[in-house]
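Here is the structure we will look at, set down as structure tokens.
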There are 2 protein chains.
Amino acid sequence: MSEIQRPGALYQQVAAAIREAILSGEFEPDSLLPSEAQLMARYGVSRPTVRNAIAALRAEGLIDVRHGKGSYVRTSGRPALTLERRITRTADGTFVMPSGDVWDEAEKPSTYRTRTTKDTGRLLQLGTEEALFGCDRLLIDPSSGTRAMHRTLIPFTTAEGIAVLAEEPSTRPAAIYGVLTQYGHKLTWSETVRARMPLPDERATLRLPDATPVLHLARVTHGTDGRPLILEELRTGADRAELAYRITADKQPTRRTRA
Amino acid sequence: MSEIQRPGALYQQVAAAIREAILSGEFEPDSLLPSEAQLMARYGVSRPTVRNAIAALRAEGLIDVRHGKGSYVRTSGRPALTLERRITRTADGTFVMPSGDVWDEAEKPSTYRTRTTKDTGRLLQLGTEEALFGCDRLLIDPSSGTRAMHRTLIPFTTAEGIAVLAEEPSTRPAAIYGVLTQYGHKLTWSETVRARMPLPDERATLRLPDATPVLHLARVTHGTDGRPLILEELRTGADRAELAYRITADKQPTRRTRA
DNA sequence: AGACGTCACTTGTCCTTACGAGTGATGACT
DNA sequence: AGTCATCACTCGTAAGGACAAGTGACGTCT
């Protein structure tokens, strides 16, 4: 029927035609696309070609395919969950990272001992193979159902002399901040944000659809002297969550950074 | 040969075997994987099955395939570029967002007029179909070659009475901040971070490899009364860039947000 | 009426065959 | 020596066929 010509491969032409129909609104969000057989007839191509085109659109995150049903136009609404990265001061004078309290724990936290890798060692300003307490959590946002994987890493050097950290590595981060404050630390935080495709186990744990990146946050808590005390990592699906940072000018001396 | 059995589909078993070999280090980063023909022989499967397995690994971002050469294990180093999101105060008392100055412009900025969409309208606290000046830039980080797409949106209501904004919508953001400050605004910023898979034109413009998400930043500049003045959007490949936020406690009243 | 089996439709998997196209080395020709 | 054609290897594209598996509706049997 509607023979197409322009770009390169046949399946790309088919993909482009469908993509255009989606983006132009001809195929509405949540609606069912024509079946593979219909697309074969419509464009006069074979099934592998149609499936190849559909695979391309899946990889772009434009459609979801359900076995036995068909292909649905994905609704690209904005994420259901916004993680506010602003620090607020509570009535008793301690600081709280708001996002630390939003989640429910889906499972019992699992604690273990491990050592720094190249990545975690750099963030904690330690070498590699330094001893750490670790604690992994599976978190769920009760209102949206969004899942997240959380990890707390506490260097032995930080836990030294703070009994609760060594004895209860599963203490929640918010409580840890409280303890550190009681021990005289004035805390600041720095966060690094990255995005990448999930590994299969992350895809399964976080229940991610096709072509959904994970947001990977690494938060370092610094003590009074600016030395890193603990490291937290949060991984969650980028389709369900976004980050919001409130930036206010401070009075630090000029420092042009560019790592 | 090494017949595999466990999970579901054949191609998934093949993919799992290769994935394991990569993650365990048997296939080193940057090294060449066996060719499709060799994998067919190795696992005793047909070419489509091998290609299906390879497609899965590409979608995970584990390998890169080059036409005529073969499949290479991707090196998953940390991004070459860190965007520092800390505000510094310069000697003359104005504020600068450091990342605004790091980039080179790869092309002449293109300016246009447009209207708010649902998304941009929400961020600017305007309705839809409100008039805007727009300016698109293609940016390049000279040291790493990382590319980024930048967009500035200035509502007519903001440009009113500030001649340079209406006459020169291609003014660089840093300069715009300066102008707004001269007009008496004490600026603050808020940023929203999202990640998603790129559209084909973004893939091409940003020169992204397979299975590479884009980081999508939306930065709103607020005036003295907190009202949004301008909106900037920055899109760049998540393989080349990461974001770093420095968070310092402020003295705002407690406000538990959760959108 | 209710439970359940069947059937038509969907996508998922797997195979075979064929040719097009990019890459690099080899070797012949100038 | 240098240039260029050829070739073998790689992945990319396209078609065909066949059967498995998930889904929902329809109709029959109890």
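Between Y11(B) and E36(A), the residue whose closest nucleotide on DNA chain C is further toward the 5' end is E36(A). Both N52(A) and K69(A) lie near DNA chain D, and the one whose nearest nucleotide falls closer to the 5' end is N52(A).
Applying the salt bridge (Lys or Arg N to Asp or Glu O under 4.0 Å) test between E232(B) and each of R151(B), R219(B), R137(B) identifies R219(B) as the sole match.
Checking T82(B) against E242(B) by side-chain atom types alone, a donor-acceptor pair falls below 3.5 Å.
The side chain of V65(A) lies closest to dT11(C), out of dT13(C), dT11(C), dG22(C).
In terms of heavy atoms, T212(A) sits closest to A238(A) at CG2-N, 4.1 Å.
Between I54(B) atom CD1 and dC11(D) atom C1' there is a gap of 9 Å when expressed in whole angstrom units. The separation between L32(B) atom CG and dT23(C) atom P is 14 Å, rounded to whole Å.
Contact annotation: R58(A) side-chain N/O to dG12(C) OP1/OP2 distance is under 4.0 Å. Between S35(B) and the phosphate of dT10(D), there is a side-chain N or O to OP1/OP2 separation shorter than 4.0 Å.
When heavy atoms are screened at a 4.0 angstrom cut-off, R47(B) is found touching base atoms of the nucleic acid. Among the protein residues, R51(A) comes within range of the nucleic acid bases, having at least one heavy atom under 4.0 Å from a base atom.
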field: Residues Q13(A), Y43(A); criterion side-chain hydrogen bond (donor to acceptor under 3.5 Å, both in side chains); working and verdict
entry: CA-CA 10 Å; Q13(A) 299 174 25; Y43(A) 297 110; over 6 Å; no
